[in-house]
Amino acid sequence: MPTPPTPEAAAPRQEHDRADLLVRNAKVFTGDPDRPEARAVAIRDGKVAALGDDQDLAHLVGPGTKVVDALGRRVIPGLNDSHLHVIRGGLNYVLELRWDGVRSLRHALAMLREQAARTPKGQWIRVVGGWTAEQFAERRMPTVAELNTAAPDTPVFVLHLYQSALLNRAAVRAAGFTRETPDPRGGQIVRARDGEPNGVLLAAPSALILYSTLAKAPALDEADKRTSTRHFLRELNRFGLTSAVDAAGGFQNFPDDYATVVDLAASGELSLRIAYHLFPQTAGQELADLKRWTETVKPGDGDEWLRLNGAGENLTWAAADFENFSEPRPDLAAGYETEFEAAVRLLMENGWGFRLHATYDETIRRDLAVFEKLAAEGLFPGDNRWLFDHAETVSADSLDRIAALGGALSVQNRMSFQGTAFRDRYGAEAAAHTPPVRAMLDRGLTVAAGTDATRVSSYNPWVALHWLVTGRTVGGTALYPAANLLDRETALGLYTRGGARLTGEQDVKGILREGYYGDLAILSDDYLTVPEAAIPDIEAVLTVVGGRVVHASAEYEGLDEAIPEVSPEWSPVARFGGYQAGARQASLVAEAAAESDEHRRWRVARGAAPDKAAPFLDPCFEH
């Protein structure tokens, strides 16, 4: 009698049953309350095929399976920045000298001086956001004189949040500013006694003067825009980002400025999933733009890599409140609601959701009155997703009204860069709940987290997560009491499930579960257990999007997809990279601190400062 076949012989496993990628020997935080932990994740055809212990998934390994040993590291669902100007950022990334993460002004100016020697005639050096004076050991901004010394002949534009910009003499000339140049509405060209521009631009409070000046710098050609975008997406992958919701923005025209990501999506070269919005660019033309878009495209157009999500973050320019906390809160024009209501009505009638920039509760209350009027007609919100962005000073009453209307919120860590300015203007008590993230969650509202990078906060999501968990600015100032802080798992949920809900993708991403997108990150350090001060220094050592390894470092160097070299070759990114990791800068911080203390003693000796040294070891620099 023949021997009965073994189960394996009776039903041999087919190659198509094997995993394309298996991550094993990991501490997997799934984000799934039904199965919060695992040791291994298998991905097949771009989606999670199985989770379990290493031995449970061993049968999924075949000849074509890429097996990654996580070496006991923490694995998390891929991060999703719910408010990132990723499309605009990608078009300019390789042109920018990033001071994100730089710990001393001395080092920042050394970077600037070196870049001036590398930059060809006719090009500008641009430091465009992602930093604040508080992050520097010297605790101050550069001066125009320092910019002139570092780069006497190359135009230099340094943007500080949406508050101000510094230009050296060459940039003032290149921008065309003269004694006769009038101040634009909402902005100021600061002048010397002789009436000549001195190199300082102020958002007072409108940031349009900053946008429009930066727009005068040379742009990349189409081929370099493509390369620039790929390198920016790779930089985001470096921190474990696998998705982003693009918030459009000033000087981002549709469809022209979207052509690069559309092209990359068509060729399968995006390494980040992008849901994008459309933002009318010209005051007085907003309704015409919105009407044209509703007749030609619709939310949901695209695929899992690139898709239209709706309108915003501005619908009409008159309804925008600028967030320069160094300036008084702007009073928006009386009667802006008429045009704003027409815009919202048009979107609702055509099945379009939207996101809406609103910093202050005074603006939010006026907008909510419009929504409630349309709701009384049965028009709002219908089946359309809508949300407020920022909402730093939103009140408890407004949160209740948002909940009643089915709205959501997207919060960004702008206070980790501007919190001290806010506290100095409005007081510590007001700053203690700006924004009231815990109160939002307590009401059951959908809340997602992001950065508002690249021109305000840094794009590093771990800086934002540190802010949510500790309530501290990048300079170490404590803003919030314990009641407005989040535990680490809740904060991570805002960066995973929260963003997925804003785009209606909560059934396919945001957690690691069978059938969901195979998006994950292996972390350099365990976010759930490292000291709080070390959270901003976390990076991904391996990032996977749809089963593709899109970033690899440390032991995994070379496993990721190849991308073209940075172009042009003089690009600041080619020399310095993007975000400056903290560990590289410890010695530079010490040097800057010593120099700063020497300067303090010099001032004390001349009676220009009290003879009492402030302690240098700020919490910002302890890690």
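Residues: numbered from 1 along the sequence shown.
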Problem - R73 and D525 ion-paired at < 4.0 Å - result: no
Exercise for the section: Can you measure from NE2 (H277) to CG (N314) and round to the nearest 0.5 angstrom? Expected result: 12.5 Å
Problem - Parallel, tilted or perpendicular, as decided by the 30° and 60° cut-offs, for the rings of F232 and Y459 - result: perpendicular
Handout entry: Side-chain (D224) to main-chain (T227) donor-acceptor, under 3.5 angstrom
Key = no
Handout entry: Ionic contact status for D34 with R513, cut-off 4.0 Å
Key = yes
Problem - Any side-chain donor near an acceptor of the partner, Q163 and S326, under 3.5 Å - result: yes
Exercise for the section: State whether a side-chain donor-acceptor pair under 3.5 Å links T490 with D487. Expected result: yes
Practice task
Verify whether one side chain among H433 and R438 offers a donor that lies under 3.5 Å from an acceptor in the other.
Solution key: no
Fill in the blank from the handout: Here the gap from L368 atom CG to T363 atom OG1, rounded to the nearest 0.5 Å, amounts to 10.5 Å
Practice task
Quick one: sort the H83 and H390 rings into parallel, tilted or perpendicular, breaks at 30° and 60°.
Solution key: tilted
Fill in the blank from the handout: One should read off an interatomic distance between L84 CG and L236 CG, to the nearest 0.5 angstrom, of 6.0 Å
Practice task
Give the C-alpha distance, both sets of side-chain angles, the deciding distance and a yes or no for side-chain hydrogen bond (donor to acceptor under 3.5 Å, both in side chains) between E37 and T30.
Solution key: CA-CA 6 Å; E37 297 179 354; T30 68; over 6 Å; no
Handout entry: Geometric class of the F136/W99 ring pair [parallel <30°, tilted 30-60°, perpendicular >60°]
Key = perpendicular
Handout entry: Modelled atom types, side-chain donor and acceptor of D246 and Q252, under 3.5 Å
Key = yes
Practice task
Answer with yes or no whether the side chains of R385 and N309 bring together a donor and an acceptor at under 3.5 Å.
Solution key: yes
Fill in the blank from the handout: Between W462 and the options Y579, Y527, Y495, the ring-ring contact (aromatic ring centres under 6.0 Å, His included) test singles out Y527
Problem - Main-chain N/O of A449 paired to S410 side chain as donor or acceptor, under 3.5 Å - result: no
Problem - Gap between atom CG of L523 and atom CZ of F29 - 0.5 Å precision - result: 11.5 Å
Practice task
Output the distance between atom CG (D32) and atom CD (E514), rounded to the nearest 0.5 Å.
Solution key: 8.5 Å
Problem - Any donor-acceptor N or O pair under 3.5 Å, side chains Q412, S457 - result: no
Exercise for the section: For the residue pair Y480 and W467, confirm or rule out a side-chain donor-acceptor distance under 3.5 Å. Expected result: yes
Practice task
Measure centre to centre between the rings of F322 and Y162, then say whether the value is under 6.0 Å.
Solution key: no
Exercise for the section: For D361 and T393, test the side chains for any donor-to-acceptor distance below 3.5 angstrom and give the result as yes or no. Expected result: no
